[in-house]
*Asks:* 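Please read through the structure below; I'll follow up with questions.
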Amino acid sequence: RASMDEVDELLPPHLGFSVLKTVVYAKDDHAVGDTTTLQSQPTLFAIEYSLTRVWAMLGVEPNVVMGHSVGEIVASVLAGVLSVADAAKLICVRAKAMHAVPAGRGGMSVVFVGEAAAQALCESYKVEIAAVNGDNCVTIAGSFSGLDAMQEHLKDKDIRFKRLDVARAFHTSHMESALPSMIEIVKEINVKAPKSTPKLVSLLSGGLMTETPGPEHWADHVRKPVLFLQGMRSLLKDGRPRVFIELGPDAALTAMAKRIVPAFDPNVALIPTMTKARREDENLRLAEAFGKAYVAGVNLKFKALKVGPPM
């Protein structure tokens with residue numbers, strides 16, 4: 001909670017409202033899924049950053065960090081690329097710029113095909129790849145008419161897909177009008193090259209970031225696809241033991257990672273910190289994640305774990 005308070009003090013000067021008062025504690029179930037882009041991105045940033053501080057309190061220091069979309073900004077803080085204050089400013093400008101893109105002109109669908117098949121669909125229906133989340137899990141985005149036509153084809157071919165409940169085509173050319181704001185804000189903040197530890201995997205390339213990211217990187221971060229599959233492959237390629245801890249309000253990345261990691265690989269542990277199904281027992285969920293990390297061989301500070309009623 002102290003970390004949430006810290007971030008919540010940094011956001012309002014750039015955002016105009018408190019994410020704690022407006023989003024996190026505005027509903028009984030603390031849900032963030034039904035909020036606008038303007039609200040959800042800073043809220044996710046605050047939650048994810050706060051969870052990094054919880055795990056740090058428990059003695060967990062990552063060797064490598066990687067984030068999906070908004071999560072890469074949090075990962076950039078851990079890797080020393082951005083200060084928390086500059087990251088808070090960046091996420092607010094990003095949220096405002098993407099929210100300003102007119103809603104209702106585009107959407108997104110998850111299609112359960114490989115990247116090559118997804119690219120063929122994009123060429124046929126004038127849509128774009130927004131994220132590559134698995135060997136057979138690609139998010140495609142674009143105009144509603146293009147998505148509707150594509151989905152009729154998918155139904156005819158008995159190919160699974162899931163339409164996402166969004167009104168914009170994120171990570172595509174639909175975001176072009178948001179790019180100038182991203183380029184300008186980077187000129188106002190201090191951006192550094194990533195530290196040697198933890199290393200930073202950028203999901204723009206799917207590989208390690210080794211140099212200072214310039215303004216174009218943060219514009220591309222809005223406009224180009226998220227290469228989660230490629231990032232996971234980078235982390236897994238040497239075959240050494242890996243413990244992946246997901247920091248966020250749900251276990252979406254853990255579910256995607258399970259499709260990528262070879263089944264029953266004894267060298268890999270996938271641990272979500274929170275799940276929607278268990279949000280009423282957040283402290284208990286953290287204790288369970290803490291236990292899984294210990295079993296996976298992570299050195300932990302047991303005295304830091306305090307389980308009590310939800311705050």
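Residue numbers count from 1 along this sequence.
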*Asks:* If you take all heavy atoms of Val93 and Ser181, which pair is closest and at what distance?
*Replies:*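 Answer, listing the atom of Val93 first, then Ser181: CG1-O, 3.8 Å.
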*Asks:* For the pair Arg285 (side chain) and Pro272 (backbone), establish whether a donor and an acceptor sit closer than 3.5 Å, ignoring hydrogens and angles.
*Replies:*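 The answer is yes, because a donor-acceptor pair under 3.5 Å joins these two groups.
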*Asks:* Working note: His99 + Gln39, criterion side-chain contact (heavy atoms from CB on, under 4.5 Å); need CA distance, chi angles, decisive distance, verdict.
*Replies:* CA-CA 9 Å; His99 184 73; Gln39 296 170 322; over 6 Å; no
*Asks:* Locate the shortest heavy-atom distance separating Leu179 from Ala219; write the atom from each residue and the value.
*Replies:*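 For Leu179 and Ala219, the tightest heavy-atom pair comes out as CD2-O, 3.3 Å.
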*Asks:* Can a donor-acceptor pair be found, under 3.5 Å and without considering hydrogens, that links the side chain of His171 to the backbone of His221?
*Replies:*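 Yes, because the side chain of His171 sits within donor-acceptor range (under 3.5 Å) of the backbone of His221.
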*Asks:* Is there a donor-acceptor pair closer than 3.5 Å between any side-chain N or O of Ser109 and the backbone N or O of Val111?
*Replies:*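 Pair absent, no side-chain N/O of Ser109 close to backbone of Val111.
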*Asks:* Is any side-chain heavy atom of Phe17 less than 4.5 Å from a side-chain heavy atom of Val19?
*Replies:*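 In short, these two side chains touch, coming nearer than 4.5 Å.
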*Asks:* The test is side-chain contact (heavy atoms from CB on, under 4.5 Å); show your working for Leu164 and Thr139 and say whether it passes.
*Replies:* CA-CA 9 Å; Leu164 301 180; Thr139 300; 4.3 Å; yes
*Asks:* For the residue pair Val127 and Leu121, establish whether any side-chain heavy-atom pair is separated by less than 4.5 Å.
*Replies:*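 Contact flag for Val127/Leu121 side chains = no.
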*Asks:* Please, which pairs that meet ring pair (Phe, Tyr, Trp, His ring centres under 6.0 Å) have at least one residue in residues 54-85, sequence neighbours excluded?
*Replies:*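 Ring pair (Phe, Tyr, Trp, His ring centres under 6.0 Å) check on residues 54-85 returns His68-Phe228.
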*Asks:* Determine yes or no for a side-chain-to-main-chain donor-acceptor pair under 3.5 angstrom, with Glu246 supplying the side chain and Leu253 the backbone.
*Replies:*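 Indeed, once roles are kept as given, a pair shorter than 3.5 Å links the two residues.
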*Asks:* If I take atom CG from residue Leu235 and atom CD1 from residue Ile260, how far apart are they, to the nearest 0.5 angstrom?
*Replies:*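 Leu235 atom CG to Ile260 atom CD1 measures 10.0 Å (nearest 0.5 Å).
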*Asks:* Quick check: is Leu204 connected to Leu90 through a chain of hydrophobic side chains (ILVMFWY, heavy atoms under 4.5 Å apart)?
*Replies:*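 No.
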*Asks:* Quick check: closest heavy atoms across Pro42 and Leu11, and the distance to 0.1 Å?
*Replies:*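 The pair with the smallest heavy-atom distance is O-CD1, 3.9 Å.
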*Asks:* How close do Leu147 and Gly142 get, heavy atom to heavy atom, and via which atoms?
*Replies:*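 Nearest heavy atoms, Leu147 then Gly142: CD1-O, 3.8 Å.
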*Asks:* Between atom CG of Leu78 and atom CZ of Arg53, what is the distance when rounded to the nearest 0.5 Å?
*Replies:*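 The CZ atom of Arg53 is 8.0 Å from CG of Leu78, to the nearest 0.5 Å.
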*Asks:* Roughly how far, to the nearest 0.5 Å, is OG1 of Thr210 from NZ of Lys199?
*Replies:*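 Rounded to the nearest 0.5 Å, the NZ-OG1 separation comes out at 11.5 Å.
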*Asks:* Answer yes or no: does atom CG of Asp156 have more than 12 heavy-atom neighbours from other residues, nucleotides or ligands under 6.0 Å?
*Replies:*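 Count over threshold, so yes.
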*Asks:* May I ask you to test the Leu38-Lys96 pair for a side-chain heavy-atom distance under 4.5 Å?
*Replies:*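 Leu38 reaches Lys96 side chain to side chain.
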*Asks:* Using every non-hydrogen atom in the two residues, find where Lys301 and Phe290 come nearest and quote the distance to one decimal.
*Replies:*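 Minimum heavy-atom contact is O-CZ, 3.8 Å.
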*Asks:* Between atom CZ of Arg242 and atom CG of Leu270, what is the distance when rounded to the nearest 0.5 Å?
*Replies:*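 Result: 12.5 Å between the selected atoms.
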*Asks:* Should Asn63 and Pro198 count as side-chain neighbours, where that means a heavy-atom distance under 4.5 Å?
*Replies:*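 No, side chains not in contact.
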*Asks:* Is there a side-chain contact between Arg233 and Asp135 in this structure, where contact means two heavy atoms from C-beta onward sitting under 4.5 Å apart?
*Replies:*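 Sidechains of Asp135 and Arg233: in contact.
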*Asks:* Specify the closest pair of heavy atoms between Ala257 and Met232, including all atoms of both residues, with the distance to one decimal.
*Replies:*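 Minimum heavy-atom separation between Ala257 and Met232: CB-CE, 3.8 Å.
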*Asks:* Does either side chain, that of Ser202 or that of Glu72, offer a donor lying less than 3.5 Å from an acceptor on the other one?
*Replies:*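 Result is yes, a qualifying pair exists.
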*Asks:* Decide side-chain contact (heavy atoms from CB on, under 4.5 Å) for Asn133 and Leu229; before the verdict, give the C-alpha distance in whole Å, the side-chain angles of both, and the deciding distance to 0.1 Å.
*Replies:* CA-CA 5 Å; Asn133 290 325; Leu229 171 63; over 6 Å; no
*Asks:* Does any N or O in the side chain of Ser50 come within less than 3.5 Å of the main-chain N or O of Met4, such that one atom is a donor and the other an acceptor?
*Replies:*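 Yes, Ser50 side chain to Met4 backbone: donor-acceptor pair under 3.5 Å.
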*Asks:* When clusters are formed by joining ILVMFWY residues with side-chain heavy atoms under 4.5 Å apart, either directly or through shared neighbours, do Ile183 and Val101 land in the same one?
*Replies:*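 No, because Ile183 and Val101 fall into different hydrophobic clusters, even though each may have its own neighbours under 4.5 Å.
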*Asks:* Take a 6.0 Å sphere around CZ of Arg163 and say whether it holds more than 12 heavy atoms from other residues, nucleotides or ligands.
*Replies:*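 For Arg163, atom CZ is crowded (more than 12 foreign heavy atoms under 6.0 Å).
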*Asks:* If I take atom CD from residue Glu128 and atom CD from residue Glu123, how far apart are they, to the nearest 0.5 angstrom?
*Replies:*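 Spacing of CD (Glu128) from CD (Glu123) equals 11.5 Å.
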*Asks:* Hydrophobic clustering (ILVMFWY, side-chain heavy atoms < 4.5 Å, transitive) - are Ile129 and Phe144 grouped together?
*Replies:*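 No; tracing contacts between hydrophobic side chains, which count when under 4.5 Å, never links both residues.
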*Asks:* Quick check on the hydrophobic clustering: are Ile47 and Met57 connected, directly or via other members, by side-chain heavy-atom contacts under 4.5 Å?
*Replies:*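 Yes; Met57 is reachable from Ile47 via cluster members.
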*Asks:* If you measure from CZ on Arg105 to OG on Ser145, what distance do you get to the nearest 0.5 Å?
*Replies:*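 Output value for this atom pair is 13.0 Å.
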*Asks:* Sequence neighbours left out, what pairs pass ring pair (Phe, Tyr, Trp, His ring centres under 6.0 Å) with at least one residue falling in residues 150-169?
*Replies:*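 Passing the test, one end in residues 150-169: Tyr125-His153.
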*Asks:* Quick one: list whatever passes side chain to side chain donor-acceptor pair (under 3.5 Å) with Glu176, sequence neighbours left out.
*Replies:*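 Only Arg223 meet the side chain to side chain donor-acceptor pair (under 3.5 Å) criterion with Glu176.
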*Asks:* For Tyr294, I'd like to know if atom OH has over 12 heavy atoms of other residues, nucleotides or ligands within 6.0 Å.
*Replies:*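 No, not enclosed.
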*Asks:* State yes or no: do Ile245 and Val295 share one hydrophobic cluster built from I, L, V, M, F, W and Y residues joined by side-chain heavy-atom distances below 4.5 Å, directly or via other members?
*Replies:*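 Hydrophobic grouping puts Ile245 apart from Val295.
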*Asks:* Counting C-beta onward and ignoring hydrogens, is there a side-chain heavy-atom pair between Gln41 and Phe45 closer than 4.5 Å?
*Replies:*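 When only atoms from C-beta onward are counted, Phe45 and Gln41 do not touch, as no gap falls below 4.5 Å.
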*Asks:* Going by heavy atoms in the side chains, are Phe170 and Val226 under 4.5 Å from each other?
*Replies:*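 Answer no - side chains too far apart.
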*Asks:* Are Val191 and Pro213 packed together at the side-chain level, in the sense that at least one heavy-atom pair is separated by less than 4.5 angstrom?
*Replies:*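 Of all side-chain heavy-atom pairs linking Pro213 with Val191, at least one is under 4.5 Å.
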*Asks:* Step by step, would you call Ser83 with Asn190 a side-chain contact (heavy atoms from CB on, under 4.5 Å)?
*Replies:* CA-CA 8 Å; Ser83 68; Asn190 186 19; over 6 Å; no
